[in-house]
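Order of appearance sets the numbers: ligands from 1, and atoms from 1 within every ligand. The shown structure was predicted, so the numbers you read here are calculated from the model rather than taken from an experiment. Throughout, residue positions are numbered sequentially from 1 according to the sequence presented.
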Amino acid sequence: MSLIKKAVIPVAGFGTRFLPATKSIPKEMMPILDKPTIHYIVQEAIDSGITDILFVTSKHKKCIEDYFDNFRELEDILEISKNYEMLNTIRDISSMANISFVRQKEQKGLGHAIYQAKTFVGSDPFCVLLGDDLICSDKKPCLKQLIDVYDEYGGSVLGVQDVDLKDVSKYGIIDGTEVCENLYEVKNLIEKPSIEEAPSNKAILGRYVISHNIFKFLEQSLVGKNGEIQLTDSILKLVSNENVYAYNFEGNRYDIGNKLGYLKAMIDYALKDDSINQELRGYLKER
Ligand code: UTP
């Protein structure tokens, strides 16, 4: 049994790449078929053995809290109309895990968002799942793949995949030495490097297992690029003090914070849904 039971999901960002929709709808609440993106991410955490989840949220994201809360009046209506299947679905959502919330009062970057989880994490290793990175794996949930690496090797574990060289400037990029197939010991990492600066094309993609020692580095953290407090700056400090691994996980990753990523997720999930996939295939062919 893994020691890792806690996950932090930061959802406090402004989502500027998806404006104007994100002016009033958090991107994490944008639906992929009939469920908001965040539902799939919480499900991934639970399927990976997580029991306690902390959302780092902000004042414009109250509907995320509502989504995971009870909705007694709706349950009554579904009960009266004998829609028991949906009633169970609605009830299951509010009892998915022990979910709590903390506010990030100013959006000072991912590192600052994670720092808000210090009390929740205590002295345990913990996971981070970015609220706008959807990862679909047909085999083992992505987070579970990282937890399994942690259980075998210890340290911290970053989920990575190869990206096109032209895209390295969008991500934190690692430099590492291979430990075994798909596993690297991280020696360096650079946030949003140019193609020339990039030490590889292995990008950190929204899933982490992190040692609680990160908090002392976050605390000392100076303002990084773009005036934001970057998580990668503190992970880099962790690298000089303890083992940090990068695991090339199996699964399709969708950045639902941009239009194309969101659309790809919607199409791929719809193609897996038996109730609509035939008609959708026909429609796509016709187009
Ligand atoms: P992103 O940079 O992808 O999200 O952060 P963003 O800032 O909301 O979006 P854009 O770039 O303006 O379109 C990755 C994750 O970190 C959270 C975001 O909500 C997202 O889930 N985040 C980011 C915070 O919680 N707080 C922050 O200050 C910044």
Counting non-hydrogen protein atoms only, what is the nearest one to [atom]? Give residue, atom name and distance.
| atom | result |
| --- | --- |
| atom 12 (O) of ligand 1 | T16 OG1, 2.5 Å |
| atom 15 (C) of ligand 1 | D132 OD1, 4.0 Å |
| atom 25 (O) of ligand 1 | A12 N, 2.9 Å |
| atom 17 (C) of ligand 1 | P10 O, 3.8 Å |
| atom 16 (O) of ligand 1 | L110 CD1, 3.6 Å |
| atom 19 (O) of ligand 1 | G13 N, 2.8 Å |
| atom 8 (O) of ligand 1 | G15 N, 2.9 Å |
| atom 11 (O) of ligand 1 | R17 NE, 3.2 Å |

Distance-only N or O hit between ligand 1 and F14, under 3.5 Å: yes
Under-4.0 Å protein heavy-atom contact, atom 2 (O) of ligand 1: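 Looking at atom 2 (O) of ligand 1, one finds that no protein heavy atom lies closer than 4.0 Å.
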Are R72 and D76 ion-paired here, with the side-chain N under 4.0 Å from a carboxylate O?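 Result for this pair is yes, salt bridge flagged.
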One thing to verify: whether K187 and E185 come together as a salt bridge, which I'm taking to mean a side-chain N less than 4.0 angstrom from a carboxylate O.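 Yes, this pair counts.
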Would you please say whether a donor-acceptor pair under 3.5 Å links the side chains of [X] and [Y]?
| X | Y | result |
| --- | --- | --- |
| S200 | D175 | no |
| Q161 | N248 | no |
| E250 | S137 | yes |

Ring centres under 6.0 Å, that's the criterion: do F101 and F68 meet it?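 No, ring centres 6.0 Å or more apart.
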Which of parallel (below 30°), tilted (30 to 60°) and perpendicular (above 60°) describes F18 and Y262? perpendicular
Using the six-membered ring wherever Trp is involved, compare the ring planes of Y115 and F215 and label them parallel, tilted or perpendicular (cut-offs 30° and 60°). tilted
So is [X] in contact with ligand 1, going by heavy-atom distances below 4.0 Å?
| X | result |
| --- | --- |
| E28 | yes |
| G109 | yes |
| H112 | no |

If you count the atoms of ligand 1 from 1 in the order shown, which ones are under 4.0 Å from a heavy atom of A113? 24 (C), 25 (O), 26 (N)
Proximal atoms of ligand 1 relative to G131 (non-hydrogen, under 4.0 Å):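 Counting atoms of ligand 1 from 1, those under 4.0 Å from G131 are 21 (O).
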Option of least heavy-atom distance to atom 26 (N) of ligand 1 (set: Q104, Q107, K27):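 Looking at heavy atoms only, the winner is Q104.
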For residues 121-131, which residue pairs qualify under side-chain hydrogen bond (donor to acceptor under 3.5 Å, both in side chains), counting only residues two or more places apart or in two chains?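 As it turns out, the side-chain hydrogen bond (donor to acceptor under 3.5 Å, both in side chains) pairs with a partner in residues 121-131, which skip direct neighbours, are K6-D124.
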Measuring only between side-chain heavy atoms, which start at C-beta, is I235 closer than 4.5 Å to Y208?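 Yes - at least one pair of side-chain heavy atoms lies under 4.5 Å apart.
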